[in-house]
K.L.:
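Just passing along the structure, written as structure tokens.
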Amino acid sequence: MNNNFTRKRDLSKYFLPNINRARKRLEDAKTLKDNFEIPTNLIGYGINKKFHIKTFGCQSNVRDTETMMGILEMIGYKHTDDIKEADLVLLNTCAIRDHAEQKVFADIGVLDKIKKTNPNFIFGMCGCMAQEEAVVNRILKSNFNIDFIFGTHNIHRLLNILEQVLFEKNLVVEVWSKEGDIIENLPTTRNNNIKAFVNVMYGCDKFCTYCIVPFTRGKIRSRSKQDILDEINELIRKGYKEVTLIGQNVNSYGIDLKGENYVFSNLLEDVAKTNIERVRFTTSNPWNFTKEIVDIMKKYKNIMPHIHLPIQSGDELILKKMNRPMKIQDYLDLINYIKENIPYCSITTDLIVGFPNETREQFERTLDLYNKIQFDNAFTFIYSKRDGTIAANLPDSTSMSDKKEWLLELNELVKKYAKSQNQKFVGLTLDVLVEGPSKKDQSIMSGYSPQWKVVNFKGEANPGDIVKVKIITASRFTLNGEIVK
Ligand code: 5AD
Ligand code: SF4
């Protein structure tokens, strides 16, 4: 290793993640609305420099990346898609499964090599992996010449951290294992000028036994109704056509807003009343998904008929072990209520196979449920052990080869119903929000139907238009048709 480029390592200066602290739920969250300030040392520092942020994982990370882009652009940096021409690279990471984490470690290795040839190059890691004790310890023990690590709770301190990296020449580790606050008024650079993600809540208090998110993202914190509506009204003024309300558990929105009696169905109604063309929301959990939410969806045409409703397993004992104690019959009743009230509503889900000690019989209950509901699509995963979670201590004698086989089997069902559900739309005319030319064939336009299906079509249209498309054919991935006047 070339020590010329090694940053000083001073353990006493680090704020290291602590999984026990991250588990606690003791403090009340605060909403901080201070004006964002640039450290004087850094004013104009990024002029003629480029940055790249590689984003892994969920919509929360995508949204955080937009905030970090906004922050870096305030000191003159310009974004580049090409990692090779960047002076500064940030890995905004996901901790949900081991597979995603291994990709990040591979990237750290690559960036470390770039640094050996270019000492002025700097790179850092943030996001959910930074909140994990085991990950940060592994990096500190390695010879990787990373410049900084910070977590999900202090992205507003990006410039202060960068200042220390540049002027003190130390490796900076600043991870706050806290329950989290809500920080408003941060700069932002949106990646799209038609569709926008809007955070409605942060964190999660559900503590499903397999899941690391309640540790990495802190406790549930709902933004105030007014801050959310102000953001959406501003987006409408700028010409945005669609907002997606995001959070780990959007339908738990408001339960922490003490004494306000204002919950997700109320928020959804108020957002619909802004008259933005399209409203979506994700992710929901089935056991807080009230009939009122369905009723509001039915009442407002601008709330799109798509619900992502992760069930994870079709077996009640597994669900109990996951700390998601739901009766399958209640889930089926909810799905029926949705289908009765919102025709052509698409329903998607998440499923985990191979939870510790899962049996073939239990896995088959997931297949049975899938056959009953015939989801429009599903994200399917093999269970991944996460340090610090309750499930990580459960005995597991189910073999990995069984788990892999089950995943393939489940995916066959997913494919089958993705196709048959799409075929239901053949002959119908759908409103499509146009994104632009299709990636595969530039002579064809592409966009999304209300049900969140990709629609490829022939005909003249511009990005941001909402056009009527008659569906002629359907595959597992897309609906295909032509514009009708
Ligand atoms: N292993 C596998 N899948 C997981 N998910 C969350 N944690 C794990 C884990 N430890 C999946 C769940 C969740 C989705 C976002 O990721 O299905 O709904
Ligand atoms: Fe994880 Fe469960 Fe919270 Fe979803 S609801 S983020 S799966 S703990």
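Along the sequence shown, the residues carry numbers beginning at 1. Ligands are counted one by one from 1 in listed order, and the atoms in each one are counted from 1 as well.
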K.L.:
Quick one: do the Q451 and S449 side chains pair a donor with an acceptor below 3.5 Å?
P.N.:
yes
K.L.:
With a cutoff of 4.0 Å, is R217 in contact with ligand 2, counting heavy atoms of the residue only?
P.N.:
no
K.L.:
Applying side-chain contact (heavy atoms from CB on, under 4.5 Å), can you list everything that pairs with L317, at least two apart in sequence or on another chain?
P.N.:
D315, Q362
K.L.:
Ion pair present between K404 and E409, side-chain N to carboxylate O less than 4.0 angstrom?
P.N.:
no
K.L.:
Would you say the side chains of T380 and N411 form a donor-acceptor pair under 3.5 Å?
P.N.:
yes
K.L.:
Closest non-hydrogen protein atom to atom 2 (Fe) of ligand 2, residue and atom name please, with distance?
P.N.:
C208 SG, 2.4 Å
K.L.:
Is the shortest distance from a heavy atom of I382 to ligand 1 less than 4.0 Å?
P.N.:
yes
K.L.:
Considering only the protein, which heavy-atom contact is closest to atom 1 (N) of ligand 1, and what is its distance?
P.N.:
S384 N, 2.9 Å
K.L.:
Is it true that, when you exclude I390 itself, more than 12 heavy atoms of the residues, nucleotides or ligands shown sit nearer than 6.0 Å to its CD1?
P.N.:
no
K.L.:
Output yes if C211 passes the N/O/S-under-2.8 Å test against atom 2 (Fe) of ligand 2; output no otherwise.
P.N.:
no
K.L.:
Can you pull out the closest protein heavy atom to atom 3 (Fe) of ligand 2? Residue, atom name and distance to 0.1 Å, please.
P.N.:
C204 SG, 2.3 Å
K.L.:
When you check the gap from the basic side-chain N to the acidic O, do E184 and R223 get nearer than 4.0 Å?
P.N.:
yes
K.L.:
Of Y210, F215, W287, which has the heavy atom at the shortest distance from atom 7 (S) of ligand 2?
P.N.:
Y210
K.L.:
For ligand 2, is any non-hydrogen atom under 4.0 Å from P214's backbone (N, CA, C, O), its side chain (CB onward), both, or neither?
P.N.:
side chain
K.L.:
At a 4.0 Å threshold, what atoms of ligand 1 neighbour a non-hydrogen atom of Q312?
P.N.:
12 (C), 13 (C), 17 (O), 18 (O)
K.L.:
Which of the atoms in ligand 1, numbered in the order shown and given with their element, are less than 4.0 Å from a heavy-atom of Y383?
P.N.:
1 (N), 2 (C)
K.L.:
Give the atom numbers and elements of ligand 2 that come within less than 4.0 Å of a heavy atom of K206.
P.N.:
3 (Fe), 5 (S)
K.L.:
Nearest to atom 5 (S) of ligand 2, what protein heavy atom do you find, and at what distance?
P.N.:
N249 ND2, 3.3 Å
K.L.:
For ligand 2, which atoms, with element, lie under 4.0 Å from some heavy atom of R324?
P.N.:
2 (Fe), 7 (S)
K.L.:
Decide whether an N or O pair under 3.5 Å exists between R386 and ligand 1.
P.N.:
no
K.L.:
Under 4.0 Å from any heavy atom of R97, which atoms of ligand 1 are there?
P.N.:
1 (N), 2 (C), 3 (N), 4 (C), 5 (N), 11 (C), 16 (O)
K.L.:
Tell me which protein heavy atom sits closest to atom 6 (C) of ligand 1, plus the residue, atom name and distance to 0.1 Å.
P.N.:
I96 CG1, 3.3 Å
K.L.:
Scan W452, F281, F379 and name whichever one has a ring-ring contact (aromatic ring centres under 6.0 Å, His included) with H308.
P.N.:
F379
K.L.:
Determine the minimum heavy-atom distance between F264 and I293, stating which atoms define it.
P.N.:
CD2-CD1, 3.8 Å
K.L.:
Measuring from non-hydrogen atoms of N285 to any atom of ligand 2, is the shortest distance under 4.0 Å?
P.N.:
no
K.L.:
Side chains of N185 and K33: donor-acceptor distance under 3.5 Å anywhere?
P.N.:
no
K.L.:
What residue and atom, counting heavy atoms only, is the protein's closest point to atom 7 (N) of ligand 1, and at what distance?
P.N.:
Y210 CD1, 3.3 Å
K.L.:
For a quick check under 3.5 Å, do N323 and Y210 share a side-chain donor-acceptor pair by atom type?
P.N.:
no
K.L.:
Please identify which of these residues, K225, R190, K238, meets the salt bridge (charged side-chain N to carboxylate O under 4.0 Å, His left out) condition with E231.
P.N.:
R190
K.L.:
Does D350 reach ligand 1 with a nitrogen or oxygen that is under 3.5 Å from one of the ligand's nitrogen or oxygen atoms?
P.N.:
yes
K.L.:
Show the atoms of ligand 2 that are less than 4.0 angstrom away from any heavy atom in V213.
P.N.:
6 (S)
K.L.:
Checking side-chain polar atoms at under 3.5 Å, does Y331 have a donor or acceptor matched by the opposite partner on N336?
P.N.:
no
